[in-house]
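Heads up, the thing below is written out as structure tokens.
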Amino acid sequence: MNGHTPRAEHDPRPPHDPTAAGSPSRELPPGAVTAVRGVDDAAGPPRLTDPLRHPQHAGNGTRARRAWTLLLSTLVVPGSAQLVAGRRATGRAALKVDVVAWAAAALALVCLVLWRTPLIWFLTNSFTSLLVIAGLVALALGWAFLFFDTFRLIRPGLLVRRTRRAVAAATVALMLLTSGGLAYSAYLLSVTRGAVSDVFGGGLPFRPSDGRYNILLMGTDSGEDRSGRRPDSMTVLSVDADSGRTVTISLPRNLQNTPFPEDSPLADVYPEGFNCGDECILNALYTDVTNNHAELYPDADDPGAQAMKDAAEGILGIEVQAYAIVEMNGFEQLVDALGGITIDVGGRVPIGGGTDLVTGLPNEIFGYIEPGVQHLDGYHALWYARSREGATDYDRQARQRCVQAAMLKQLNPVNVLTRFEDLAASGTQVVETDIPQSQIGSFVDVALKAKEHELVQFAAGPPYYDPSFPTYPDYDRLHEDVDQLLEEATDRGARDAEALPAGTAVGSGIAMTVPVPAATPLVGAQELTPNGTCSVP
């Protein structure tokens, strides 16, 4: 009473143990929540519920929000749902994989923007692409597992029926979007890997020659009515390695007196050129070498094709680094895989016609490809490219150039992605080439640049030269014209051409809507007939 606070006396009795025998106990209502303060809880009140880990103590609204939060967390940051829900080992392992995957994706994006060649090589090389496929499959399976585990952590039995159904449907949809997308990417890469292995050869990549890649494209037709394999169309595709500016130069199949470079083995066999008479036209060289001189190219898979490369070098005066053969019997499938091609047809072109080589009688004409803008499927595109009825060889070659340009135009990213499997399947049946796999990266890079420029077309014959040129060619003059043409197909050449005064003549080619080179024709060029006039809209 004098202000002194009495001290509590020590109670000598032991603490009450409610479990001891004979101790009084209170009955608790069923489902009541109890808590025992542990050592770690001494500083605060007891934590009775944690809705992330113990949703059974939360309301319906909280349980629904928890379910959607965990599901979206697995979508955005796989493993985060496991981490916050108490499965720390699984969550930490998944987050480590996330970091590695995002780092790889960031590196790929940087390469795609700054330096595509090594990225494309990595994705098309047989060994490294297999590693990427395995990685994508593993990521797909891992992400699917995390979604299953997240659905288990959500404890759908605690959700009301409507919410439970929505969460289950969302889980399936997200699994298809993520794991399904990764699995499909692995499948497409596997298709690419198979197609690349079937079509392209091995070996090291080759460098540009005078700044350009020069590839000989040949269309062959080895049907039942043909004796051996002969290229019916020959075109050199020349691409500037820096700018992607592209020129196609058609070589007439009836070109005579073909010269060969000094380092070609055929230079000793035909020192005066391939000039054994009317039979020694350009497209006969393939069969001649295959049947009679294959030993001259002991390391070549296709001696005839290698000989055609040498011939193209001698004709044009440029180095031709590689060839690609398109088999016309499979051309129809390739065009269909592209979804068809669109051509502005200048004159009526028959389907069928010609002469039966066995009977000597005219073949039946089954119909016509009419003038105007036409979207051609594979069947009609093939006839448009090969029809001879009522046409000269130069008309036919002009139509083939239009078909080539239309196909290149159709090879846009959307078409390639949506029709990828069909394109890859048809490509393995149609295309044969000695371009090495290791070259694909640089070619894809330059092909993307080429999309920014118009395709320039030229020919070692009509309409750029007189019809007599293939029979009596002036190869020195042709070399000069080709040199000038390729010089203008560069960024510097284009700037110089733009600087010319308005109205300056740039050549006398006709009938094509593509740019005409500034090469001066040997003699007055002759116009094509309506059968050979066309353009790509």
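Leu141 meets the side chain to side chain contact (heavy atoms under 4.5 Å, CB included) test with Val137; sequence neighbours excluded. For His293, there are no side chain to side chain donor-acceptor pair (under 3.5 Å) partners, not counting sequence neighbours. Listed by chain and residue number, nothing satisfies the side chain to side chain donor-acceptor pair (under 3.5 Å) test with Thr290 (two or more places apart in sequence, or in another chain). Annotation: side chain to side chain contact (heavy atoms under 4.5 Å, CB included) contacts of Ile435 (sequence neighbours excluded): Phe200, Ile215, Ala322, Thr433, Gln439, Phe443. Residues satisfying the side chain to side chain donor-acceptor pair (under 3.5 Å) test with Asp299, not counting sequence neighbours, are none. Evaluation of the side chain to side chain contact (heavy atoms under 4.5 Å, CB included) rule for Val373 yields Thr342, Asp344, Pro537 as partners, not counting sequence neighbours. Annotation: side chain to side chain donor-acceptor pair (under 3.5 Å) contacts of Asp377 (sequence neighbours excluded): His380. Partners of Phe122 by ring pair (Phe, Tyr, Trp, His ring centres under 6.0 Å), not counting sequence neighbours: none found. Partners of Asp434 under the salt bridge (Lys or Arg N to Asp or Glu O under 4.0 Å) rule, at least two apart in sequence or in another chain, are Lys309.
You'll find the side chain of Leu123 reaches within 4.5 Å of the side chain of Val132, heavy atoms only. Lys449 has its side chain out of reach of Asp242: every pair of non-hydrogen atoms, C-beta onward, lies at least 4.5 Å apart. Side-chain contact between Leu95 and Asp98: present, with at least one pair of heavy atoms (C-beta onward) separated by less than 4.5 Å. Side-chain contact between Tyr384 and Ile341 is absent, with no heavy atoms from C-beta onward closer than 4.5 Å.
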Yes or no on side chain to side chain contact (heavy atoms under 4.5 Å, CB included) for Tyr270 and Cys280, after CA distance, side-chain angles and deciding distance?
CA-CA 11 Å; Tyr270 299 106; Cys280 286; 5.5 Å; no

Start with the C-alpha gap between Tyr464 and Leu485, add the side-chain angles, then the distance that decides, and say whether side chain to side chain contact (heavy atoms under 4.5 Å, CB included) holds.
CA-CA 12 Å; Tyr464 303 94; Leu485 174 68; over 6 Å; no

Report the C-alpha separation of Leu139 and Val97 in whole Å, then their side-chain angles, then the decisive distance to 0.1 Å, and conclude whether the side chain to side chain contact (heavy atoms under 4.5 Å, CB included) test is met.
CA-CA 9 Å; Leu139 287 176; Val97 175; 3.7 Å; yes

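Residue Pro462 comes nearest to Pro467 through the heavy atom pair CG-CA, 3.6 Å, listed as atom of the first residue, atom of the second, then distance. The nearest pair of heavy atoms linking Ala183 to Ala140 is N-CB, 4.1 Å. Nearest heavy atoms, Ala307 versus Leu266: CB-CD1, 3.7 Å. The minimum heavy-atom distance linking Ala94 with Pro78 is given by the pair CB-O, 3.7 Å. The two residues Trp143 and Leu182 come nearest to each other via the heavy atoms CE3-CD1, 3.7 Å. Minimum interatomic distance between Ala460 and Leu478 (heavy atoms only, all atoms of both residues): CB-CD2, 3.9 Å.
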When the side chains of residues 310-320 are checked against the rest of the protein, which donor-acceptor pairs come out under 3.5 Å, sequence neighbours left out?
| residue | atom | partner | partner atom | Å |
| --- | --- | --- | --- | --- |
| Asp310 | OD2 | Ser264 | OG | 2.8 |
| Asp310 | OD2 | Tyr297 | OH | 2.7 |
| Glu313 | OE2 | Val320 | N | 3.0 |
| Glu319 | OE1 | Ser209 | OG | 3.1 |

Enumerate donor-acceptor pairs with a distance under 3.5 Å from any side-chain N or O in residues 101-112 to protein atoms, sequence neighbours excluded.
none

Side-chain donor-acceptor contacts of residues 248-262 below 3.5 Å, not counting sequence neighbours, with atom names and distances?
| residue | atom | partner | partner atom | Å |
| --- | --- | --- | --- | --- |
| Ser250 | OG | Arg401 | NH1 | 3.3 |

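Salt bridge status for Arg399 with Asp395: absent, with no side-chain N to carboxylate O gap under 4.0 Å. The pair Glu452-Arg245 fails the salt-bridge criterion, with no side-chain N (NZ, NE, NH1 or NH2) lying under 4.0 Å from an Asp/Glu carboxylate O.
Taking CG of Asp483 as the start and CG of Asp210 as the end, the distance is 8.5 Å to the nearest 0.5 Å. Summarising the geometry, atom CZ belonging to Arg193 is positioned 10.0 Å from atom CZ belonging to Phe127; distances are rounded to the nearest 0.5 Å. Atoms CG and CD1, on Leu382 and Ile351 in that order, are 10.0 Å from each other to the nearest 0.5 Å. Here the straight-line distance linking atom CD1 of Ile369 with atom OH of Tyr379 works out to 9.0 Å at 0.5 Å rounding. Interatomic distance, Leu216 CG to Met218 CE, rounded to the nearest 0.5 Å: 4.5 Å. Rounded to the nearest 0.5 angstrom, Thr246 OG1 and Glu454 CD are separated by 12.0 Å.
A donor-acceptor contact closer than 3.5 angstrom is absent between the side chains of Thr490 and Asp240. Side-chain contact check for Tyr323 and Asp302: no donor-acceptor pair (N or O, by modelled atom type) lies under 3.5 Å. A donor-acceptor pair shorter than 3.5 Å can be found between the side chains of Ser468 and Asp466.
In this structure, the side chain of Gln321 does not engage the main chain of Tyr213 through any donor-acceptor pair within 3.5 Å. At least one donor-acceptor pair under 3.5 Å links the side chain of Ser185 to the backbone N or O of Gly181.
Atom CG of Asn292 has more than 12 neighbouring heavy atoms from other residues, nucleotides or ligands inside a 6.0 Å radius. A 6.0 Å sphere centred on CG of Asn291 holds more than 12 heavy atoms belonging to other residues, nucleotides or ligands.
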